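Fair warning: this is a prediction, and the values are worked out from it, not measured in the lab.
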Amino acid sequence: MKNQAGKKTTFSVISLFLVVIWLVPIIITVLISFKSMDVISTSNSWFALPESFHFNNYIKAWQEGNMSRYSLNSFIITSVSVIGTLFLSSLSAFALSWYKFKLQKFFLIMFIAGMLIPVQMVIIPVFNLYNKTGLYNTYLGIIMVNLAFQLGFCTFFLRNFMITIPKSLFEAGKIDGASDFTIYWKIMMPLISPALAALGILQFTWIWNDYLWSLVLVQSDNLKPVTLGLANLQGKWVTDWTIVASGSIIAALVPIVIFLLFQKYFIDGLTVGSVKG
């Protein structure tokens with residue numbers, strides 16, 4: 001018993017230490033965003049509380065820093081990409097888990113292999129393809145590349161979840177005359193909703209924070225997402241850390257809010273099936 005109590009205490013201390021280390025840069029960024037540059041220049045501590053809160057830093061980042069447009073662009077790109085990825089990957093996962101055909105394992109391996117290809121290896125081919133097809137510097141281009149590179153992981157994740165569902169449920173639907181799409185939509189989708197919610201939150205966070213593909217495939221300022229917008233802020237207000245810090249907090253708010261709203265489904269999706277019997 002003493003051994004177990006000691007292990008729990010050690011684990012709690014180490015976990016708390018790691019959480020504090022993780023939160024330190026976030027706390028510093030939040031404090032800087034509410035200060036003026038004069039206070040920052042004369043302060044001896046990053047953790048000193050602001051004497052007065054400068055909310056105009058956020059207004060300046062939102063309006064003059066064009067974070068309003070960048071956030072809208074990111075929301076359009078991310079929401080469409082996530083919905084499209086979940087829909088297409090659920091269809092492919094359903095086919096790979098429900099149907100039996102000769103090339104089933106081959107297609108599954110191809111989806112897994114797609115996850116292992118380093119993105120940096122295909123940047124130039126994708127860039128050349130987009131230039132030739134007119135997809136460069138468009139919403140559709142960014143959305144399509146997100147779909148392509150997230151589809152493998154999502155299919156693999158959902159397929160592993162679907163194969164745990166008893167096939168008798170689908171056979172009963174077949175006997176009742178349900179079509180394959182009806183079985184997918186009316187039986188399979190409700191059963192995998194926790195997994196879809198967990199996967200959707202992960203995908204939303206990853207795509208929202210994507211920088212590489214946006215940097216390569218977007219040129220127009222009107223189409224840039226928040227990640228490129230923050231890079232613009234660093235160039236425009238290189239001597240004013242308060243605006244850059246405010247823009248960073250604005251960029252981080254949306255995925256944080258999404259996670260807080262759907263954290264129940266996220267936890268359910270990760271733990272479903274962990275206890276049987």
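A salt bridge between Asp221 and Arg69 is absent, with no side-chain N of the basic residue lying under 4.0 Å from a carboxylate O of the acidic one.
Between the OG atom in Ser36 and the NE2 atom in His54 there is a gap of 4.0 Å [rounded to 0.5 Å]. Note that CZ of Phe161 is 11.0 Å distant from OG of Ser97, once rounded to the nearest 0.5 Å. In this structure, CG on Leu233 lies 11.0 Å from CD on Glu64, to the nearest 0.5 angstrom. In this structure, Ile112 CD1 and Phe107 CZ are separated by 14.0 Å, a value rounded to the nearest 0.5 Å. In this structure, the separation between CG on Leu191 and CE on Met189 is 10.5 Å, given to the nearest 0.5 Å. Distance CG/Asn146 to CG/Leu151: 11.5 Å, rounded to 0.5 Å.
Closest of all the heavy-atom pairs between Thr138 and Gly141 is OG1-N, 3.0 Å. Thr155 and Ser92 get closest at one heavy-atom pair: OG1-OG, 2.8 Å. Smallest separation of non-hydrogen atoms from Lys60 and Ile243: CD-CD1, 3.6 Å. Taking each heavy atom of Ala195 and Leu158 in turn, the nearest pair found is CB-CD2, 4.2 Å. Heavy-atom minimum distance, Leu31 versus Leu49: CD2-CD2, 3.8 Å. Contact between Ile250 and Ser71 at its shortest, heavy atoms only, is CG2-OG, 4.1 Å.
No hydrogens or angles considered: a donor-acceptor pair under 3.5 Å links the side chains of Ser179 and Thr182. Under 3.5 Å, the side chains of Tyr184 and Ser90 contain a donor-acceptor pair of N or O atoms. Checking Thr242 against Asp240 by side-chain atom types alone, a donor-acceptor pair falls below 3.5 Å.
Screening Trp206, Tyr211, Phe204 for a ring pair (Phe, Tyr, Trp, His ring centres under 6.0 Å) with Trp208, the sole residue that qualifies is Phe204.
Residues Ile249 and Tyr58 have side chains in contact (heavy-atom distance under 4.5 Å, counting atoms from C-beta outward). Side-chain contact between Phe149 and Val122 is present, with heavy atoms from C-beta onward closer than 4.5 Å. Counting heavy atoms from C-beta on, the side chains of Phe170 and Met188 come closer than 4.5 Å. Side chains of Asn73 and Tyr139 form a contact here, defined as non-hydrogen atoms less than 4.5 Å apart.
Atom CE of Met110 sits in a sparse spot, with 12 or fewer heavy atoms from other residues, nucleotides or ligands closer than 6.0 Å.
Panel note: side chain Thr227, backbone Asp210; a donor-acceptor pair is recorded below 3.5 Å.
In this structure, Leu230 is not a member of the same hydrophobic cluster as Ile59, with clusters built from ILVMFWY side-chain heavy atoms closer than 4.5 Å.
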### Task
Carefully, step by step, assess Phe153 and Thr85 under the rule side chain to side chain contact (heavy atoms under 4.5 Å, CB included).
CA-CA 10 Å; Phe153 170 76; Thr85 301; over 6 Å; no
#### Entry: Verdict with supporting geometry, Thr29 and Ser248, side-chain hydrogen bond (donor to acceptor under 3.5 Å, both in side chains)
CA-CA 8 Å; Thr29 304; Ser248 301; over 6 Å; no
### Pair Tyr130-Asn137, side-chain hydrogen bond (donor to acceptor under 3.5 Å, both in side chains): steps then yes or no
CA-CA 9 Å; Tyr130 272 43; Asn137 199 39; over 6 Å; no
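For an aromatic pair to be called close, the ring centres must be under 6.0 Å apart, and Phe34 with Phe53 satisfies this.
Between Trp185 and Phe181, the ring-plane angle classifies as parallel under the 30° and 60° cut-offs.
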